[in-house]
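First the structure, in the form of structure tokens, and then the observations on it.
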Amino acid sequence: MKKDIHLYNSLTNSKEIFKPLVPGNVGIYVCGPTVYSSSHMGHARSAIVFDVIVRFLRQIGFKVNYVKNFTDIDDKIIEKANELNQKSEDIANKYKQEYIEDMKNLGCISPDHEPCVSQNINGIIDLIKEIIDKDFAYEINGDVYFQIDKFKEYGKLSNQSTDSMIENNRIEFNPNKKNPLDFALWKKVKNNEPSWESPWGNGRPGWHIECSVMSCKHLGKNFDIHGGGRDLIFPHHENEIAQSECINSGNFANYWIHNGLININKEKMSKSLGNMINIKDALTRWHPILIRIFFLSHHYRTPVDLSEEKLIEIEKSLKKAKNKIMLSKPKSIDLTDFNNLWMEAMHDDFNTAKAIGIFFKYINDGKINPSNIDQVKIFEQVMGITNWTSIFEHDSETSNIDSSFINNLISKRNEARKNKNWELADELRNEAEQKGFILIDEKEQTLWKTKDR
RNA sequence: GGCGGUGUAGCCAAGUGGUAAGGCGAUGGUCUGCAAAACCGUUAUACCCCGGUUCGAAUCCGGGCACCGCCUCCA
């Protein structure tokens with residue numbers, strides 16, 4: 001008997017039973033980055049959330065077509081290129097490669113398709129032509145704008161009426177637009193910009209249109225799931241819906257999944273506040289598995305406060321969990337219950353936080369031990385945390401540390417301890433600590449390890 | 001102002017009608033010369049406030065209060 005998946009659909013603001021268009025298959029399109037700078041922890045969260053969703057869907061037998069795009073033509077890329085006196089193509093490529101590398105390092109599986117705007121210009125031009133033909137867009141002075149008044153459902157994703165949007169809009173008045181909310185499908189070329197020939201003259205695509213084209217190319221005119229960060233709901237996803245649905249019948253995407261954003265020490269992480277944390281920087285400090293578990297122990301829709309302390313908490317809890325497992329006597333305890341429970345949590349709007357809680361519970365109840373840990377494999381695979389216990393295997397390793405110093409110190413100290421010269425023994429222990437070594441006195445011997453942080 | 005979200009222990013965080021998961025911390029203990037580490041216990045009669053529905057509400061409804069996000073580029 002197959003269980004239903006309930007998922008929260010941002011389009012209807014309610015939890016719904018997931019019904020794929022084609023039974024057993026899922027088409028999912030996730031908005032990837034605009035590649036104009038190094039990717040940050042917001043990208044990481046989104047990527048990890050959807051990575052786990054895709055892994056889970058595959059685990060329970062769906063054939064998933066996972067598409068994530070790169071927006072490699074955009075104002076910000078051009079701006080950056082001009083600033084650095086480089087080609088915008090080179091800027092885009094550089095950060096695209098970085099992103100791919102970062103995702104690999106975070107343990108994310110590669111999407112099946114990673115289309116770029118620059119590879120889909122013809123498709124974009126064709127779609128714009130079609131939108132104009134159907135009278136949902138107009139050309140003026142080499143620009144093409146989508147006319148939102150023509151699309152009656154405009155605002156249905158962000159739950160805004162166009163009136164209130166106009167009232168509140170802060171966009172500079174653009175005399176070319178019939179309605180201030182109209183948005184560009186095609187932009188006329190300016191100096192120092194990449195451009196392509198089109199029926200409206202040289203220019204380039206506006207933001208939004210690429211996603212309508214590329215999702216359609218890989219998933220069809222109607223597909224199952226469209227994902228991305230909450231901040232994309234308006235205008236990006238709203239506009240995608242308008243562009244796509246004005247010429248096709250039915251829903252563009254049936255289900256919209258939006259992940260919550262990130263705060264850094266209780267403050268919004270944003271470019272303007274200058275508190276962005278790059279994935280690369282985070283990875284020099286934190287094991288990717290810690291980062292994954294950190295994100296996955298929150299429900300994907302809630303905002304998350306990222307801080308040093310939280311990562312340390314995760315690290316401690318995992319370390320304890322590992323010890324607990326290793327110290328448990330091998331017993332052949334059946335973990336079918338465990339697997340049913342976390343799977344059930346995942347069926348309910350991908351509740352990774354609950355799933356992880358169940359994982360810890362089973363560990364702390366002593367039900368997971370060295371001889372049945374294999375039964376946890378599927379859980380680890382779905383969460384993308386395979387081999388998580390290996391994070392802690394570097395303790396007491398000599399690798400590139402001069403161990404003669406510390407071994408000398410230990411024998412001197414043990415001599416002092418034998419003579420009950422506690423003062424000297426404590427002094428030596430302090431010295432070791434100052435040099436970054438922690439001493440662990442056991443019955444027969446003294447072990448040492450390097451101070452973690 | 002419009003739309004959306006959130007409010008659960010010291011902190012973080014699950015829980016959408018059946019009597020409060022999990023993690024960190026704290027605390028008691030074991031171990032230790034003392035520590036550290038590790039391990040074993042304990043740790044919310046209670047879910048922002050006020051009403052209501054119900055046999056039963058953190059969960060549903062109404063009304064407040066507080067915080068946050070989007071409405072401009074952002075994952």
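Residue numbers begin at 1 in each chain, while the letters A, B, ... track the order of the sequences.
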If I take atom [atom1] in residue [X] and atom [atom2] in nucleotide [N], what distance separates them, rounded to the nearest angstrom?
{"X": "A/I264", "N": "B/C68", "atom1": "CD1", "atom2": "P", "answer": "17 Å"}
{"X": "A/L318", "N": "B/G22", "atom1": "CG", "atom2": "P", "answer": "16 Å"}
{"X": "A/H236", "N": "B/A75", "atom1": "NE2", "atom2": "P", "answer": "9 Å"}
{"X": "A/H299", "N": "B/C12", "atom1": "NE2", "atom2": "C1'", "answer": "17 Å"}
{"X": "A/D365", "N": "B/G22", "atom1": "CG", "atom2": "C1'", "answer": "11 Å"}
{"X": "A/D231", "N": "B/C3", "atom1": "CG", "atom2": "C1'", "answer": "16 Å"}
{"X": "A/F183", "N": "B/C71", "atom1": "CZ", "atom2": "C1'", "answer": "16 Å"}
{"X": "A/N263", "N": "B/C12", "atom1": "CG", "atom2": "P", "answer": "12 Å"}

Looking only at the side chain of [X] (C-beta and beyond, no hydrogens), which of the listed nucleotides [options] gets closest?
{"X": "A/K320", "options": "B/C40, B/G25, B/A14", "value": "B/G25"}
{"X": "A/N364", "options": "B/G22, B/G33, B/G5", "value": "B/G22"}
{"X": "A/S46", "options": "B/A75, B/G15, B/G33", "value": "B/A75"}
{"X": "A/D441", "options": "B/C34, B/G4, B/G23", "value": "B/C34"}
{"X": "A/I438", "options": "B/C3, B/A36, B/C70", "value": "B/A36"}
{"X": "A/L327", "options": "B/A36, B/C70, B/C39", "value": "B/C39"}
{"X": "A/M269", "options": "B/G33, B/C24, B/A75", "value": "B/A75"}
{"X": "A/R417", "options": "B/A75, B/A14, B/G33", "value": "B/G33"}
{"X": "A/R429", "options": "B/C34, B/A75, B/U16", "value": "B/C34"}
{"X": "A/I440", "options": "B/A36, B/A14, B/A75", "value": "B/A36"}

task = May I ask you to check whether A/T71 and A/E210 show a side-chain donor-acceptor distance below 3.5 Å?
result =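 A pair is found: one side chain offers a donor N or O, the other an acceptor, under 3.5 Å apart.
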
If you measure from the [atom1] atom in [N] to the same atom in [M], how many Å do you get, rounded?
{"N": "B/C48", "M": "B/A13", "atom1": "P", "value": "14 Å"}
{"N": "B/A26", "M": "B/C65", "atom1": "P", "value": "39 Å"}
{"N": "B/U45", "M": "B/G4", "atom1": "C1'", "value": "35 Å"}
{"N": "B/C3", "M": "B/C49", "atom1": "C1'", "value": "25 Å"}
{"N": "B/A44", "M": "B/A37", "atom1": "C1'", "value": "30 Å"}
{"N": "B/G2", "M": "B/C12", "atom1": "C1'", "value": "32 Å"}
{"N": "B/G25", "M": "B/G62", "atom1": "P", "value": "42 Å"}
{"N": "B/A46", "M": "B/U8", "atom1": "C1'", "value": "9 Å"}

What's [X] touching, base or sugar-phosphate or nothing? Going by heavy atoms closer than 4.0 Å.
{"X": "A/H40", "answer": "base"}
{"X": "A/I233", "answer": "nothing"}
{"X": "A/N323", "answer": "sugar-phosphate"}
{"X": "A/G32", "answer": "sugar-phosphate"}
{"X": "A/G357", "answer": "base"}

Tell me whether the side-chain N/O atoms of [X] come closer than 4.0 Å to OP1 or OP2 in [N].
{"X": "A/K310", "N": "B/A13", "answer": "no"}
{"X": "A/T302", "N": "B/A14", "answer": "yes"}
{"X": "A/N351", "N": "B/G15", "answer": "yes"}
{"X": "A/K361", "N": "B/G23", "answer": "no"}
{"X": "A/K420", "N": "B/G33", "answer": "no"}

inquiry  = Under the salt bridge (charged side-chain N to carboxylate O under 4.0 Å, His left out) test against A/R204, which residue among A/D75, A/D74, A/D72 passes?
reply    = A/D75

Partner of [N] by Watson-Crick or G-U wobble geometry, both contacts under 3.5 Å, or none?
{"N": "B/A9", "result": "none"}
{"N": "B/A26", "result": "B/U42"}
{"N": "B/C3", "result": "B/G69"}
{"N": "B/A35", "result": "none"}
{"N": "B/G62", "result": "B/C50"}
{"N": "B/A21", "result": "none"}

request  = Compare all side-chain heavy atoms of A/S158 with those of A/M165 and state whether any distance is below 4.5 angstrom.
outcome  = yes

Can you say whether the rings of [X] and [Y] are parallel (under 30°), tilted (30 to 60°) or perpendicular (over 60°)?
{"X": "A/H347", "Y": "A/F56", "value": "perpendicular"}
{"X": "A/H258", "Y": "A/H237", "value": "tilted"}
{"X": "A/W342", "Y": "A/F338", "value": "tilted"}
{"X": "A/Y154", "Y": "A/F183", "value": "parallel"}
{"X": "A/W388", "Y": "A/F359", "value": "perpendicular"}
{"X": "A/F146", "Y": "A/F151", "value": "perpendicular"}

ask   = Planes under 30° and centres closer than 5.5 Å, is that true for A/W422 with the base of B/G33?
value =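 Whether judged by distance or by angle, A/W422 passes, so it stacks on the base of B/G33.
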
message = If you assign each of A/K268 and A/I314 to its closest nucleotide in RNA chain B, which residue comes earlier from the 5' end?
response =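 Result: A/I314.
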
remark   = Closest to the 5' end of RNA chain B, once A/A321 and A/L439 are matched to their nearest nucleotides, is A/L439

